[in-house]
A.B. asks: 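Can you keep this structure in mind? I'll have questions shortly.
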Amino acid sequence: MALPLSADRIGPLTQDAVRIVGACKSYGSLKVLKDVDLAVHPGEVVCVIGPSGAGKSTLLRCVNRLERLDAGLVLIDGDPIGLVARGNHLRELPEARVAAQRARVGMVFQRFNLFPHMTVRDNITQAPVLVNKETKTAAIAEARRLLAQVGLAEKELAYPNELSGGQQQRVAIARALAMRPKIMLFDEPTSALDPELVGEVLAVMKGLSDTGMTMIVVTHEIGFAREVADTVVFMADGQIIEAGPPEAVLDEPRHERTRDFLARVL
Ligand code: ADP
Ligand code: MG
């Protein structure tokens with residue numbers, strides 16, 4: 001595959017934690033991502049809002065290459081994910097190398113996908129031991145630190161079905177963090193929760209942003225976006241309609257589609 005984009009379109013690579021350039025993705029004849037560009041700086045929190053079907057989840061899945069783009073690039077810390085440059089050409093990376101790249105990107109989904117037959121501690125330590133080759137002792141120490149960070153120090157030996165949905169989602173965050181990701185992606189992490197459990201998960205995410213973690217958060221929690229996001233991105237119909245600081249996009253949206261969407265969710 002020839003390099004699809006000129007260097008001037010990509011720009012200086014090193015300053016961005018995530019750079020999405022010209023992302024296109026279709027499912028059959030349905031164009032789900034239509035030439036999406038997005039840059040996320042180190043330590044930045046980007047909240048992505050928009051109607052169902054806009055392509056938000058697809059965009060996140062392309063960032064850690066759970067899905068492949070049809071065209072365009074995703075760069076993580078300047079490295080094209082899934083691809084390696086050879087002269088003027090890009091080659092596909094072997095799956096083992098893609099897995100190593102993916103480990104730099106943590107992801108938390110709508111439904112907590114903890115392993116039901118494992119304790120909280122084993123859920124958190126499994127990948128660091130198996131994939132990152134950490135010692136069990138070091139992984140357990142890190143799991144304890146992370147459980148304290150998400151407010152669940154006393155649940156180390158509990159099983160997922162003994163926890164509330166909010167607690168399970170906080171464990172899922174700790175489990176993702178245990179891989180020491182540089183970037184965290186969240187896909188509607190609170191939308192499957194009972195309303196009274198949403199706040200505790202958002203509080204953990206806010207705490208994580210305070211540590212300087214780079215985060216892309218797809219959410220319908222406009223209050224969270226307003227409070228925590230550096231940048232709010234409004235997506236509709238496979239495109240970024242507008243992006244900017246929360247007070248601009250949420251309070252003075254420039255586009256009618258953004259206004260319509262906000263009028264329905266606020
Ligand atoms: P959002 O997260 O904004 O609701 P998605 O990225 O999940 O949007 O989906 C965008 C569009 O792509 C939707 O119309 C959805 O039905 C479609 N879609 C998503 N994943 C697939 C898939 N694996 N196969 C076919 N269509 C899909
Ligand atoms: Mg979605």
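Remember, it's 1-based here, ligands and their atoms both numbered in the order they're listed. Quick note: numbers below take in every heavy atom, side chains included, and nothing from hydrogens, waters or symmetry partners.
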A.B. asks: I'd like to know if the side chain of Arg102 and the backbone of Arg65 have a donor-acceptor N/O pair within less than 3.5 Å.
C.D. replies: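 It does hold such a pair.
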A.B. asks: So how far is it from Leu185 CG to Leu59 CG, rounded to the nearest 0.5 Å?
C.D. replies: 9.0 Å
A.B. asks: Please list all pairs meeting salt bridge (Lys or Arg N to Asp or Glu O under 4.0 Å) that have one or both residues in residues 217-235, counting only residues at least two apart or in different chains.
C.D. replies: Arg226-Asp251
A.B. asks: Examine distances only and state if a side-chain atom of Gln169 and a backbone atom of Pro189 form a donor-acceptor pair shorter than 3.5 Å.
C.D. replies: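 Answer holds: yes.
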A.B. asks: Could you tell me if Glu67 and Thr58 have a donor-acceptor pair between their side chains, going purely by distance under 3.5 Å?
C.D. replies: no
A.B. asks: Tabulate distances under 3.5 Å between N/O atoms of ligand 1 and N/O atoms of the protein, writing both atom names on each line.
C.D. replies:
residue: ligand 1; atom: 2 (O); partner: Ser57; partner atom: N; Å: 2.9
residue: ligand 1; atom: 2 (O); partner: Ser57; partner atom: OG; Å: 2.8
residue: ligand 1; atom: 3 (O); partner: Ala54; partner atom: N; Å: 3.1
residue: ligand 1; atom: 3 (O); partner: Gly55; partner atom: N; Å: 3.0
residue: ligand 1; atom: 3 (O); partner: Lys56; partner atom: N; Å: 2.9
residue: ligand 1; atom: 3 (O); partner: Lys56; partner atom: NZ; Å: 2.7
residue: ligand 1; atom: 4 (O); partner: Gly53; partner atom: N; Å: 2.7
residue: ligand 1; atom: 6 (O); partner: Thr58; partner atom: N; Å: 2.9
residue: ligand 1; atom: 6 (O); partner: Thr58; partner atom: OG1; Å: 2.5
residue: ligand 1; atom: 8 (O); partner: Gly55; partner atom: N; Å: 3.1

A.B. asks: Between the side chain of Asp70 and the main-chain N/O of Ser26, is any donor-acceptor distance below 3.5 Å?
C.D. replies: yes
A.B. asks: Ignoring hydrogens and angles, tell me if any N or O in the side chain of Asn123 forms a donor-acceptor pair with the backbone of Met118 under 3.5 Å.
C.D. replies: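 Side chain of Asn123 to backbone of Met118, a donor-acceptor pair under 3.5 Å: yes, one is there.
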A.B. asks: Both conditions, 6.0 Å and 45 degrees, for the charged tip of Arg175 above the ring of Phe115: are they met here?
C.D. replies: yes
A.B. asks: Distances under 2.8 Å only: what protein N/O/S atoms are near the Mg ion (ligand 2), ordered by chain and residue?
C.D. replies: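 Checking every protein N, O and S atom gives Ser57 OG.
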A.B. asks: Quick one: ring-ring contact (aromatic ring centres under 6.0 Å, His included) partners of Phe224, sequence neighbours excluded?
C.D. replies: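 Testing Phe224 for ring-ring contact (aromatic ring centres under 6.0 Å, His included), a comparison that skips the adjacent residues, returns none.
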